[in-house]
Amino acid sequence: MTEEKEKKAEGPDRKLLELLVCPVTRSPLIYDSTKQELISKAANLAYPIRNGIPVMLPEEARHLDELSL
Amino acid sequence: MNGPPPVFDRDLLNLRRLRALKTMPSADFLLTHVADELSSRLTLIRRAFSVALDLAGHTGFVASRLAQHPGIDWIIRAENLFPLVKDYPGTKLVCDPEALPFGDGTLDLVASALSLHLVNDLPGSLVQIMRALRPDGLFLGAVLGGETLSELREVLLLAETEMEGGSSLHVAPFVDVRDMGLLLQRVDFRLPVSDSEVVSVTYDDMFALIKDLRAMGMTNMLHARRRRPLRRSTFFRAAELYASRFPTGTGRIRASFEFVYALGWKAHSSQQEALRPGSARVSLVDVLGDKGRAGGEGPAGAVS
C-alpha cells in the first residue's frame with residue numbers, strides 16, 4: 001500500500017499529460033516513463049518531469065541529438 | 001526574436017519571487033484580497049467548469065478559492081518556478097506564462113492573479129490563454145493597474161531629481177483599465193468586462209512600504225532600471241516627501257494599489273451576439289410608431 005502510494009507520488013498525473021503540448025512548437029509530446037521526460041520531436045527537446053511535476057521550460061529541457069532518438 | 005526589447009528582467013523577477021517565498025506570509029494580503037475578489041466574481045457565474053487553471057498565482061490562494069466552487073471538477077496550478085509548486089498537493093506543473101504548454105481547447109477556466117502585468121508580451125499571453133480555452137471557456141484575471149504605487153513613483157522621482165540631478169524608472173508601467181478592455185477585444189474575448197479597484201494601504205513610513213514590497217517580491221525588476229542604488233540621502237528625502245505629501249492624518253502614509261480585473265469568454269454559438277449594422281429587418285418606426293419620430297413624445301434619437 002505504501003509502496004503503491006510512493007509510486008503514485010513519483011509519476012506524473014496522466015490526465016495532465018494528455019493536455020500538454022510542446023510550448024515551443026505546440027506539437028504533441030511523447031512520455032518516456034523510464035527517463036521521466038516528455039519528448040518533443042519537433043523541437044528536439046526532452047522536458048524533465050521532476051518529482052512527478054512536468055517542467056515545461058525550454059531552458060530546462062535536454063537537447064536531443066539524432067542518435068539518442 | 002524581433003520586436004521591442006523586453007520591459008521586465010524576468011530572471012531578476014524570479015530571484016525576487018523565490019526570496020519572497022520565504023517571507024510571503026507577512027505580505028500576502030494583496031494576493032488574498034485579489035483571490036477572494038476573483039472567487040466572488042466566479043460565484044456570480046452559474047456554469048460548471050471541468051478543468052480550471054490557476055495561472056502563476058504565486059501562492060495557491062486562487063487554487064484554494066477555486067476548490068470552493070462546486071462547478072469546478074479539476075484544478076491545475078501552473079507556476080514558472082519549481083519551488084512555488086513543489087509542495088502543492090494537487091495537480092501542478094512548471095511553465096512560462098508567455099509560452100503555455102496546453103493544447104488547443106483543453107481548459108474551461110483560466111484564472112490569473114497578479115502576474116500578467118509582469119509578462120513582457122501581455123497580448124501574446126492572452127492569445128495563448130485564448131487558444132488553450134475550450135469554446136465558451138472563461139478567462140478571469142487580475143493585474144496591477146497604473147495607479148499602483150503612484151505616490152512612491154512621484155516622491156522617488158522628486159527626490160532623485162532634487163538630490164542626484166536626474167531621475168530613473170523605479171516603478172513599473174502597469175496596465176490601464178481601458179487598455180485592458182481594448183486588449184480583451186483585440187484578442188477576441190467575447191462579452192469582455194474590465195474594471196478596476198484602488199485599494200489604499202497605510203504604512204508607518206516609506207521604509208515600511210518598501211520592506212513589504214520586498215517581501216512580496218515586487219521591488220524594481222525593470223530592464224531599464226538604474227543599476228546603481230540610490231544614495232541614502234535620496235531615500236531619506238523621498239521618505240520625507242512621502243510623509244508630507246501623502247499623510248493619512250494619523251501620522252502614517254498611504255500607498256495605492258490598483259487592481260484591474262478582466263473577464264472574457266471564448267466564442268461559442270450559445271453566446272448572444274450583436275447583429276451586423278444595417279442587417280435589421282424591422283424599422284424601429286414600425287415598432288415605436290410616432291414615439292420614435294424626432295419631435296415626438298419618445299426619445300428624440302430613437303430612429304436616427
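Chain naming here is simple, since letters A, B, ... match the order of the sequence lines and numbering starts at 1 in each.
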* Structure fact -> Scanning both residues in full, the closest heavy-atom pair of A:L16 with B:T91 reads CD2-CG2, 3.7 Å

* What parts of residues 23-33 of chain A touch chain B if we use heavy atoms and a cut-off under 4.5 Å? -> A:P23, A:R26

* Asked: Side chains of A:D13 and B:L93: closer than 4.5 Å at any heavy-atom pair?
  -> no

* Report yes if some heavy atom in the side chain of A:E60 is under 4.5 Å from a heavy atom in the side chain of B:F82; otherwise report no. => no

* Segment of B:I76 engaging chain A (4.5 angstrom heavy-atom cut-off) -> side chain

* Check the surroundings of atom CZ in B:R47: do more than 12 heavy atoms from other residues, nucleotides or ligands lie under 6.0 Å from it? => yes

* Contact check, side chains of B:V94 and A:M56, non-hydrogen atoms, under 4.5 Å -> no

* Can you check side chain to side chain contact (heavy atoms under 4.5 Å, CB included) on B:T106 and A:V21, steps first, answer last? -> CA-CA 10 Å; B:T106 49; A:V21 294; over 6 Å; no

* Straight-line distance of A:I53 CD1 to B:E79 CD, nearest 0.5 Å -> 11.0 Å

